[in-house]
Amino acid sequence: MNGRYFIELAEICEKIKETTSKLEKISKLGNFLKNLNDEELSATIRLLNSDILPPWYNKEIQVGYSTLSSIILEISGSSKEEFFKVYVKHGDLGETAEELLKKGKALNPLVQDKLTILKVYKTLLKISEYSGEGSYQSKKNALLNLFVNASPIEAKYLVKIITGELRIGLSEGLLEESLAYALGIPLTNLREKVLILPDLSEVAIRIKNGKYEEIDLELLRPTSFMLAEPMSSPEEIANYFNKEIIAEYKYDGIRAQIHKKDNKIRIFSRRLDEISFYLPEVVESISSLKGVFILDSEIISIKNDKVLPFNILQRRLRRKNIDKKLIEEIPLRAIVYDVLFYNGKQVYKLPLRERKELLKNIDFKDRIELGFFKIVRNSAEISKLFEESLNKGFEGIMIKDPDSPYTPGKRGKAWIKLKKEFDTLDVVIVAAEYGHGKRAGILSDYTFAVKDNNELKVIGKAYSGLTDEEMEILDRKLRDITIEDLGYKIIVKPEIVLEVAFDSIQISDRHDSGFALRFPRIKRIRWDKSPHEIDTIEKVREIYERKKAIFA
DNA sequence: TCTGATGCGTC
DNA sequence: GTCGGAC
DNA sequence: GTCCGACGACGCATCAGA
């Protein structure tokens with residue numbers, strides 16, 4: 001197989017990693033991309049964008065940390081202890097592979113079959129095809145075939161590409177900039193098209209072949225979702241807009257983009273996976289609606305007038321067998337609140353208030369319903385609706401600018417979300433783990449517990465919420481109070497108290513308290529509190545029961 | 001045949 | 001989903 | 001302002017191995 005060598009790509013990545021200059025990254029990569037043919041350009045973009053298989057391909061590589069580390073062990077001939085030491089040091093599997101291969105006695109030191117970009121890409125595609133008994137070995141063999149022919153630096157980038165964590169200061173944003181540079185078009189033009197047709201590789205090839213103008217929203221192909229920004233109070237929202245705004249309930253469900261063209265129906269998830277298959281009764285309901293359209297909606301489950309909690313709803317996803325019983329047990333409905341395409345017309349650029357008018361033309365019925373919305377003018381009205389939403393068992397409200405177009409992929413301030421104020425618990429740190437990537441080598445991940453009479457019961461983990469500085473202070477302190485060093489993790493004396501915020505409490509067997517927190521984040525370190533003053537398992541149970549009362 | 005580990009998507 | 005930080 | 005990386009819990013499918 002001829003073509004550009006993978007080592008070229010690996011070396012470009014290395015240069016990108018070494019410089020912090022954005023312009024330099026862009027010109028280095030851009031110049032490389034410029035000279036690739038269509039097939040190689042497409043493959044390179046997919047490799048760099050952790051997009052080896054587009055989401056609607058409905059296949060997965062199913063190779064992760066575990067498989068890769070066993071391969072690294074095998075070809076480097078290092079001991080498990082050594083592997084671990086190096087891994088904790090780098091906090092990155094790719095860097096680990098490089099270091100171990102450099103000093104290891106490689107299985108096959110002679111490079112006989114130089115890797116090309118296409119060979120790598122095609123091998124990864126092939127790996128996704130293996131399934132069934134023995135597939136783990138087949139995947140591993142195919143990978144070994146790549147790795148024995150890889151130099152240390154190539155091995156590093158193979159690993160990084162497969163895990164999807166390049167960590168070289170280049171992700172979709174800069175990749176797009178480099179591509180715009182290579183194609184000689186303004187970045188904004190490229191961005192606009194990518195949001196509408198979220199497949200960088202395909203967009204690039206189409207533009208390269210002079211088809212820029214033809215790229216637009218397409219029925220039965222997913223487009224990016226418009227996203228919302230959080231605000232923390234009705235006052236903040238009212239002040240920000242200072243005009244009449246549209247308010248909707250916010251549902252704790254699954255985002256769904258519904259496409260209908262003639263009798264073809266496809267539903268896409270937030271990450272653009274097709275999920276129609278899991279939702280047969282929803283598809284059936286959609287098929288009875290008239291018209292050709294793309295709708296934005298949230299799928300939730302309501303039973304006996306009560307909202308089912310998210311973890312129950314989740315049982316409807318990624319399921320192979322969907323039987324009658326399940327459909328009755330977790331009945332679905334799609335709450336529709338926006339329209340992007342309607343009867344032959346692109347309507348996503350129209351202002352929201354006009355799109356809401358269009359929605360009235362659709363004869364919603366069965367499991368598909370038009371989402372409630374109303375105009376609000378001030379913080380008091382926002383507050384009122386917010387309370388109403390919580391009482392109904394929903395998550396909060398969405399506030400939207402009636403003059404705004406639907407901007408795929410953008411998290412702008414045209415849509416604002418207001419969620420329930422979180423509860424907090426005072427907990428004590430009982431263990432800590434080393435971080436990854438930029439947090440390599442520092443104890444940045446904390447396991448914490450609440451009090452159960454004279455015992456401590458673990459209830460969750462968190463790192464989010466602390467500044468780098470606070471993390472460093474904790475790191476030093478934790479090393480001082482270590483009881484046991486497990487290599488990747490340390491057990492510490494229960495001394496440091498944290499105030500942890502969360503959205504809700506769920507029953508769980510992950511931790512020995514029997515509970516877990518949803519969206520835990522650290523509010524602050526309570527240096528002023530002693531571990532005797534932390535919250536108890538009774539309080540946890542109380543919060544859990546309180547929330548349960550409004551659920552089915 | 002069952003169980004635990006793994007990967008990956010949802011939020 | 002969450003968050004802090006870099007640009 | 002915007003993007004990005006580094007992280008949480010959950011449930012399902014799959015596969016290896018007991």
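Naming convention: chains lettered A, B, ... in sequence-line order (proteins, then strands); numbering from 1 in each chain. Quick caveat, the model's predicted, so the values are computed rather than measured.
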Subject >> Minimum-distance nucleotide to A:Gln62 side chain [options: D:dA6, B:dG7, D:dA9] >> reply: B:dG7

Original post:
D:dC4, D:dG11, D:dA6: which one has an atom nearest the side-chain heavy atoms of A:Arg315?
Top reply: D:dG11

**OP:** Assess whether one donor atom and one acceptor atom, taken from the side chain of A:Glu133 and the base of D:dC15, lie less than 3.5 Å apart.
**Re:** no

Original post:
Side-chain donor or acceptor of A:Tyr136 under 3.5 Å from a matching atom on the base of D:dA16?
Top reply: no

Original post:
With respect to the phosphate group of D:dC7, does any side-chain polar atom (N or O) of A:Arg439 fall under 4.0 Å of OP1 or OP2?
Top reply: no

Original post:
According to a strict under-4.0 Å criterion, is A:Ser444 in side-chain N/O contact with OP1 or OP2 of D:dC7?
Top reply: yes

**OP:** Classify the side chain of A:Arg318 versus the base of B:dC8 as yes if they form a donor-acceptor pair under 3.5 Å and no if they do not.
**Re:** yes

**OP:** Look at A:Ser135 and D:dT14 and indicate whether a side-chain polar atom (N or O) is within less than 4.0 Å of OP1 or OP2.
**Re:** no

**OP:** Report yes if at least one side-chain N or O of A:Lys417 is closer than 4.0 Å to OP1 or OP2 of C:dG1; otherwise report no.
**Re:** yes

Original post:
For the side chain of A:Asp92 and the backbone of A:Gly94, is there at least one donor-acceptor N/O pair under 3.5 Å apart?
Top reply: yes

Subject >> Nearest-neighbour nucleotide for the A:Ile61 side chain, D:dT14, D:dG11, B:dC8 considered >> reply: B:dC8

**OP:** Establish, from distance only, whether the side-chain atoms of A:Arg367 and A:Ser285 form a donor-acceptor pair under 3.5 Å.
**Re:** yes

**OP:** Please determine if a side-chain N or O atom of A:Lys438 lies less than 4.0 Å away from the OP1 or OP2 oxygen of D:dG5.
**Re:** no

Original post:
Does a side-chain N or O from A:Arg255 land closer than 4.0 Å to OP1 or OP2 of B:dC11, or not?
Top reply: no

Original post:
Reckon A:Ile522 touches a base, only the sugar-phosphate, or nothing at all at heavy-atom distances under 4.0 Å?
Top reply: nothing

Subject >> Beyond-backbone contact of A:Phe515 with A:Val450, side-chain heavy atoms, under 4.5 angstrom >> reply: no

Subject >> Residue mapping more 5' on DNA chain C - nearest nucleotide basis, A:Thr467 or A:Lys419 >> reply: A:Lys419

**OP:** Remember a base hit wins even if backbone is also touched, and classify A:Arg521 as base, sugar-phosphate or nothing at under 4.0 Å, heavy atoms.
**Re:** sugar-phosphate

Original post:
A:Arg167 side chain N/O closer than 4.0 Å to the phosphate oxygens (OP1, OP2) of D:dA6?
Top reply: yes

**OP:** Establish, with yes or no, whether the OP1 or OP2 oxygen of B:dA5 is under 4.0 angstrom from a side-chain nitrogen or oxygen of A:Ser66.
**Re:** no

**OP:** Report which part of the nucleic acid A:Arg271 touches: base, sugar-phosphate, or nothing (heavy-atom distance under 4.0 Å, all strands).
**Re:** base

**OP:** Would you tell me if any nitrogen or oxygen in the side chain of A:Ser464 comes within less than 4.0 Å of OP1 or OP2 on C:dG4?
**Re:** no

Subject >> Worked verdict on A:Glu95 versus A:Lys17 for salt bridge (Lys or Arg N to Asp or Glu O under 4.0 Å) >> reply: CA-CA 12 Å; A:Glu95 303 285 348; A:Lys17 191 177 95 171; 2.8 Å; yes

**OP:** Look at all strands and tell whether A:Glu165 reaches a base, only sugar-phosphate, or nothing, counting heavy atoms closer than 4.0 Å.
**Re:** nothing

Subject >> Residue pair A:Ile505 / A:Leu517, side-chain heavy-atom distance below 4.5 Å >> reply: yes

Subject >> Distance test, side-chain N/O of A:Ser508 to OP1/OP2 of D:dA9, below 4.0 Å >> reply: no

Original post:
Hey, does the side chain of A:His436 come within less than 4.0 Å of D:dC7's phosphate (OP1/OP2), counting only N and O?
Top reply: yes

Subject >> Side-chain (A:Lys139) to main-chain (A:Ile61) donor-acceptor, under 3.5 angstrom >> reply: yes

Subject >> 5' priority, DNA chain C, between A:Pro230 and A:Lys22 [closest heavy atom] >> reply: A:Pro230

